[in-house]
Amino acid sequence: DSIKIGDILPGEEQKARFNLQITNKVDTQTYVFSIDANCDSCKTASNSFSFQVLGRPELVFSNIEYSVENALGNDSQIMQGSLFTFSVQLDNIGEEKAKAVSISVDFDEAIVGTSKSFLGNIDPDDSGAAIFNLSTAFDANPGETPGTITVNYIDELGVEQSFTENYPLY
């Protein structure tokens, strides 16, 4: 593109503005541009500038499951006093690494155990899993136990991001 800004007298300045819009289809890389200033009675001046297009990490839940210890046969129901392993797997389907990824689970007081797991970095097209060793209180009420899974990570700009999923246990 070019912009004609008209006559500029000696000692004057004139600004030229260009708007660049980045679509989500552009490759993540550094782009270099050149600006040429032309006039009828002076030398052509040329400057370059560059900017880097960053991708974004995009974490999604790919698997959430639990396994009850010492379950009889196909009985995988969580009972009062049960020990169980709760696992959460995340996939990074984005273009950039998700850094300092951690997962926290929070159930009501009926379920106790490890509540936070640090996964580290998850590269694009890779996954990470958190394993929680939990148990149900002997005096827990039967039925639904409300819970949340919270994911925290640092994005491509160094900003902490988080998202939460409700996940009740029965």
Side-chain angles (χ1 to χ4, degrees), residues 17-33 48-170:
R17 293 181 184 232
F18 294 89
N19 292 322
L20 300 174
Q21 188 169 5
I22 309 299
T23 69
N24 60 357
K25 305 229 186 288
V26 70
D27 291 333
T28 55
Q29 66 182 33
T30 300
Y31 290 88
V32 179
F33 292 88
S48 295
F49 70 96
S50 64
F51 63 88
Q52 184 175 12
V53 174
L54 301 173
R56 289 189 174 165
E58 185 178 348
L59 297 176
V60 295
F61 293 106
S62 58
N63 191 28
I64 302 172
E65 63 184 13
Y66 65 88
S67 173
V68 178
E69 281 188 33
N70 302 320
L72 300 173
N74 289 336
D75 187 13
S76 61
Q77 190 172 14
I78 298 173
M79 307 294 284
Q80 293 168 323
S82 292
L83 300 174
F84 63 99
T85 303
F86 185 74
S87 66
V88 178
Q89 183 170 327
L90 295 173
D91 290 347
N92 184 354
I93 61 172
E95 301 272 333
E96 190 67 42
K97 179 187 302 186
K99 300 173 188 161
V101 179
S102 66
I103 299 176
S104 300
V105 294
D106 183 27
F107 296 99
D108 71 15
E109 64 278 351
I111 296 178
V112 296
T114 308
S115 63
K116 187 168 187 174
S117 180
F118 183 74
L119 281 68
N121 297 334
I122 301 178
D123 291 324
D125 297 321
D126 204 356
S127 61
I131 308 294
F132 302 93
N133 295 313
L134 303 172
S135 64
T136 307
F138 286 101
D139 61 350
N141 292 327
E144 179 181 315
T145 300
T148 58
I149 303 168
T150 302
V151 177
N152 293 293
Y153 66 96
I154 308 272
D155 70 10
E156 75 283 1
L157 298 175
V159 177
E160 186 169 342
Q161 302 290 334
S162 68
F163 60 95
T164 300
E165 176 86 10
N166 291 326
Y167 194 86
L169 290 174
Y170 297 90

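One-based numbering along the sequence shown.
- Interatomic distance, CD1 of Ile122 versus CG of Leu90, reported as 5.0 Å (0.5 Å rounding).
- The two atoms that bring Ser82 and Gln77 nearest to each other are OG-O, 4.4 Å, heavy atoms only.
- Contact between Thr114 and Phe132 at its shortest, heavy atoms only, is O-CD2, 3.4 Å.
- Rounded to the nearest 0.5 angstrom, Leu134 CG and Ile78 CD1 are separated by 8.5 Å.
- Each of Lys99, Glu95, Glu96 was evaluated against Glu156; a single residue qualifies, Glu96, per the side chain to side chain contact (heavy atoms under 4.5 Å, CB included) test.
- Panel note: side chain Asn92, backbone Glu58; a donor-acceptor pair is recorded below 3.5 Å.
- Counting only distance, with no hydrogens or angles, the side chain of Asp108 and the backbone of Ala110 share a donor-acceptor pair below 3.5 Å.
- How far CZ of Phe138 is from CE of Met79: 12.0 Å, rounded to the nearest 0.5 Å.
- Separating the CZ atom in Phe107 from the OG1 atom in Thr148 is a distance of 7.5 Å, to the nearest 0.5 Å.
- Taking all atoms of both residues into account, the shortest heavy-atom contact from Ala130 to Leu119 is CB-CD1, 3.8 Å.
- The heavy-atom pair separating Ser162 from Asn152 by the smallest distance is CB-OD1, 3.0 Å.
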Given ring-ring contact (aromatic ring centres under 6.0 Å, His included), test Phe86 with Tyr167 step by step and report yes or no.
CA-CA 11 Å; Phe86 185 74; Tyr167 194 86; 5.6 Å; yes
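- Between the side chain of Gln80 and the backbone N or O of Ala140 there is at least one donor-acceptor pair closer than 3.5 Å.
- Smallest separation of non-hydrogen atoms from Pro57 and Tyr153: CG-CE1, 3.8 Å.
- For the atom pair CZ of Phe163 and CG of Leu59, the computed distance is 5.0 Å after rounding to the nearest 0.5 Å.
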Please step through side chain to side chain contact (heavy atoms under 4.5 Å, CB included) for the pair Ile103 and Ile149, ending with a clear verdict.
CA-CA 7 Å; Ile103 299 176; Ile149 303 168; 3.7 Å; yes
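- In terms of heavy-atom proximity, Lys116 sits nearest to Ser104 at CG-OG, 3.6 Å.
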Take Phe51 and Phe33 through the test ring-ring contact (aromatic ring centres under 6.0 Å, His included) and record every step on the way to the result.
CA-CA 9 Å; Phe51 63 88; Phe33 292 88; 5.5 Å; yes
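- For the pair Asn121 (side chain) and Val101 (backbone), a donor-acceptor distance under 3.5 Å is absent.
- Atom-to-atom distance recorded for Thr85:OG1 and Glu65:CD is 10.0 Å, nearest 0.5 angstrom.
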